[in-house]
Number of protein chains: 2
Amino acid sequence: MKLTELVNDKKEAGLLTSKFLTIDHEKQQRILNAAIKEFAQKGYANASTNEIVKEAGISKGLLFHYFKNKKELYLYLYNHFVNVLKNEFFGEINLQDRDIFVRLKAVTMLKSQLIKKHPDVFNFMMSAYQESSVEVKSELDQRHRELLQTSYGTVFDNIDTEKFKKDIDITRAINIISWTLEGFSNQAMERERLAKHSQADFTYDFSEADVYIEQLKVLFYK
Amino acid sequence: MKLTELVNDKKEAGLLTSKFLTIDHEKQQRILNAAIKEFAQKGYANASTNEIVKEAGISKGLLFHYFKNKKELYLYLYNHFVNVLKNEFFGEINLQDRDIFVRLKAVTMLKSQLIKKHPDVFNFMMSAYQESSVEVKSELDQRHRELLQTSYGTVFDNIDTEKFKKDIDITRAINIISWTLEGFSNQAMERERLAKHSQADFTYDFSEADVYIEQLKVLFYK
DNA sequence: TCCCAACTGACCAAACTGGTCAATAATTTT
DNA sequence: AAAATTATTGACCAGTTTGGTCAGTTGGGA
């Protein structure tokens, strides 16, 4: 998954950022990554463009050659990574399979991988969701609803409800399943963060997640 | 629950903050609340003492009359609120009842109330847990382990395992129950945050939480 | 050679930083 | 009432950082 590298929707450019899109690809990445990292850590208002250019290894002038000001940079980043997630992330979910466990496991694993491989992208999107700066807040809201609809909307769409025992409240059951998988992956990642053994022994997590899934199937399925 | 107001453990004062403890109680609260809010929002390094004194309605000099510098203020806050939580929050949990549902429901509701009534206290503790500033990080670690032990240690201690069906893996079942209640309360609070109807219709949340608990009991208990 | 874009970094005024301290106000002690 | 003590102020400090500019250098294509 070459996340952050594939999307090239020219529409997202507008006219103002067109210069940025023509430059060397690797330099683009350096700038994008430096910027989301800084914005994620400090929020819009407290993020420093000086830090961004230092981290990206470019001059101050160049950044403002590509983006006319801080606000335009921020909004470009937001739109860009919303597109990235929509295409590279949620596009991966197999909607053929109508089994809720298959879908949720896929989502959970994708999310874990995202956090692990591209923590800055994840943190940036989360912090953008919480962003309180009046300067940019209003512009974000619509795109956010859009993203949530694309994602959670499709995951729970057209689930096979016939598999559940007949006395089970399906909505609540799905919630329990979701929260269990979410809680499990949070725990797994926190455990790894503390232990710092960053050798990705995904294998254990995968199989342990399956134990929970099997248990939940016994509980909820016919 | 007069959280933040009751603890008066003189030991936490040391000699350095003794002045602060003698002043008017309401002013103490103003300063404490202003400080944790700022630290929670921006982290140790980026928090501004100017903002704190402005919010607290005191002069710059006075803050540094009570605390010799920013670091001492931060560490005092941390210790103070660890004590507050240990005494006012975890002290509320009834350890007589050995039923996991009773305990976890109590913890979940307590946590919800904390977030609702004292969001800054909660955010401050969370941000302190993530704090990365080398200046204060090391001092926090021990107290944190202490707090986690006091809290999660006792909640899961001496649970009545006889109530579970005999083919159930109890550790995993408890995890599922915990994650469900956590997920539920997160969802409830997010729903409320978006709707902004801050009339606390706790009643709905309480009864809806009970529905989940009853469902889980059917699944896991004999 | 010229030309134009990419690119640099010194520079700007303004804001802000944690912290100090002499002066004033309020309270207590004599 | 005077004196002594304590609480409180906010102007001030030197230093850093802010978002943004712009005159000028570089490098590649014609």
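Letters go in sequence order (proteins before strands), and every chain restarts at 1. Because the structure is predicted, anything quoted here is derived from the model rather than measured.
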Exercise for the section: Answer with base, sugar-phosphate or nothing: what part of the nucleic acid does Ala45(A) contact at a heavy-atom distance below 4.0 Å? Expected result: nothing
Exercise for the section: Would you check if the distance from the ring center of Tyr74(B) to the ring center of Phe124(B) is below 6.0 Å? Expected result: yes
Problem - Trace of the side-chain contact (heavy atoms from CB on, under 4.5 Å) decision for Ile213(A) with Leu181(A) - result: CA-CA 8 Å; Ile213(A) 287 172; Leu181(A) 288 175; 4.0 Å; yes
Problem - Residues that Asn69(A) engages under side chain to side chain donor-acceptor pair (under 3.5 Å), provided they are two or more places apart - result: none
Exercise for the section: Evaluate the ring planes of Trp179(A) and Phe184(B), with Trp represented by its six-membered ring, and classify them as parallel (under 30°), tilted (30 to 60°) or perpendicular (over 60°). Expected result: perpendicular
Completion exercise
Between Val82(A) and Met125(A), the two heavy atoms sitting closest are CG2-CE, 3.6 Å
Completion exercise
note: Tyr74(A), atom OH; dT18(D), atom C1'; distance rounded to Å ~ 18 Å
Fill in the blank from the handout: In short, Glu135(A) meets Tyr44(A) closest at the heavy-atom pair OE2-CE2, 3.7 Å
Practice task
Could you give me the CA-CA distance, side-chain angles and deciding distance for Tyr66(A) and Lys27(A), then say whether side-chain contact (heavy atoms from CB on, under 4.5 Å) is met?
Solution key: CA-CA 12 Å; Tyr66(A) 296 141; Lys27(A) 187 188 270 188; 4.2 Å; yes
Exercise for the section: Could you list the residues that satisfy salt bridge (charged side-chain N to carboxylate O under 4.0 Å, His left out) with Lys111(B), not counting sequence neighbours? Expected result: none
Handout entry: DNA chain D-proximal residues of residues 34-44 of chain A, any heavy atom under 4.0 Å
Key = none
Handout entry: Residue-phosphate contact under 4.0 Å: Lys19(A) side-chain N/O, dC7(C) OP1/OP2
Key = no
Fill in the blank from the handout: Atom CG of Asn69(B) and atom C1' of dT17(C) are separated, to the nearest Å, by 14 Å
Handout entry: N/O (side chain, Asn50(A)) to phosphate O (OP1/OP2, dT17(D)) under 4.0 Å
Key = no
Handout entry: Per Thr49(A) side chain, nearest of listed nucleotides dG19(D), dT8(C), dT8(D)
Key = dG19(D)
Practice task
Please determine, for the side chain of Phe64(A), which listed nucleotide (dT8(D), dG19(D), dC7(C)) has the closest atom?
Solution key: dG19(D)
Problem - Phosphate OP1/OP2 of dC7(C): any Tyr66(A) side-chain N/O under 4.0 Å - result: yes
Completion exercise
Separation of dG20(D) atom P from Glu135(A) atom CD, nearest Å, is 8 Å
Problem - Any Ser48(B) side-chain N or O less than 4.0 Å from OP1/OP2 of dT17(C) - result: yes
Exercise for the section: Identify all stems in which DNA chain C takes part, counting only runs of at least 3 consecutive pairs (Watson-Crick or G-U wobble, each distance under 3.5 Å), and give each as one range with another, ordered by first number. Expected result: C:1-30 with D:1-30
Handout entry: nucleotides 25-30 of chain D: protein proximity per nucleotide (B base, S sugar-phosphate only, - neither; heavy atom, under 4.0 Å)
Key = ------
Completion exercise
In whole angstroms, the gap separating C1' of dT17(C) from NZ of Lys54(B) amounts to 13 Å
Exercise for the section: Let me see the working for Asn175(A) and Tyr212(B) under side-chain contact (heavy atoms from CB on, under 4.5 Å), right down to the final yes or no. Expected result: CA-CA 10 Å; Asn175(A) 278 337; Tyr212(B) 280 96; 2.9 Å; yes
Handout entry: Electrostatic pair Glu192(A)-Lys116(A), nearest N-O below 4.0 angstrom
Key = yes
Handout entry: Pair Lys54(A) + Glu38(A), salt bridge at N-O below 4.0 Å
Key = no
Practice task
Grab the two heavy atoms, one from Lys60(B) and one from Val53(B), that are nearest each other, plus how far apart they are.
Solution key: CA-CG1, 3.9 Å
Completion exercise
Among the nucleotides dT9(D), dG18(C), dT8(C), whichever has the atom closest to the side chain of Lys70(B) is dG18(C)
Practice task
For salt bridge (charged side-chain N to carboxylate O under 4.0 Å, His left out), just list the numbers for Lys86(B) and Glu146(B), CA-CA rounded to whole Å, side-chain angles, deciding distance to a tenth of an Å, and then say yes or no.
Solution key: CA-CA 10 Å; Lys86(B) 279 171 80 168; Glu146(B) 214 178 301; 3.2 Å; yes
Fill in the blank from the handout: Rounded to whole Å, the CD-C1' distance (Glu51(B) to dC16(C)) equals 10 Å
Practice task
Identify whether any heavy atom of Lys71(B) sits under 4.0 Å from a base atom; if not, whether one sits that close to sugar-phosphate; answer base, sugar-phosphate or nothing.
Solution key: nothing
Completion exercise
Nucleotide by nucleotide, nucleotides 21-28 of chain C touches protein heavy atoms under 4.0 Å in the pattern (B base, S sugar-phosphate only, - none) B-------
Practice task
Decide yes or no on side-chain contact (heavy atoms from CB on, under 4.5 Å) for Ile31(A) and Leu63(A), but give the supporting numbers first.
Solution key: CA-CA 8 Å; Ile31(A) 296 171; Leu63(A) 181 68; 4.2 Å; yes
Fill in the blank from the handout: note: Leu63(A), atom CG; dT18(D), atom P; distance rounded to Å ~ 13 Å
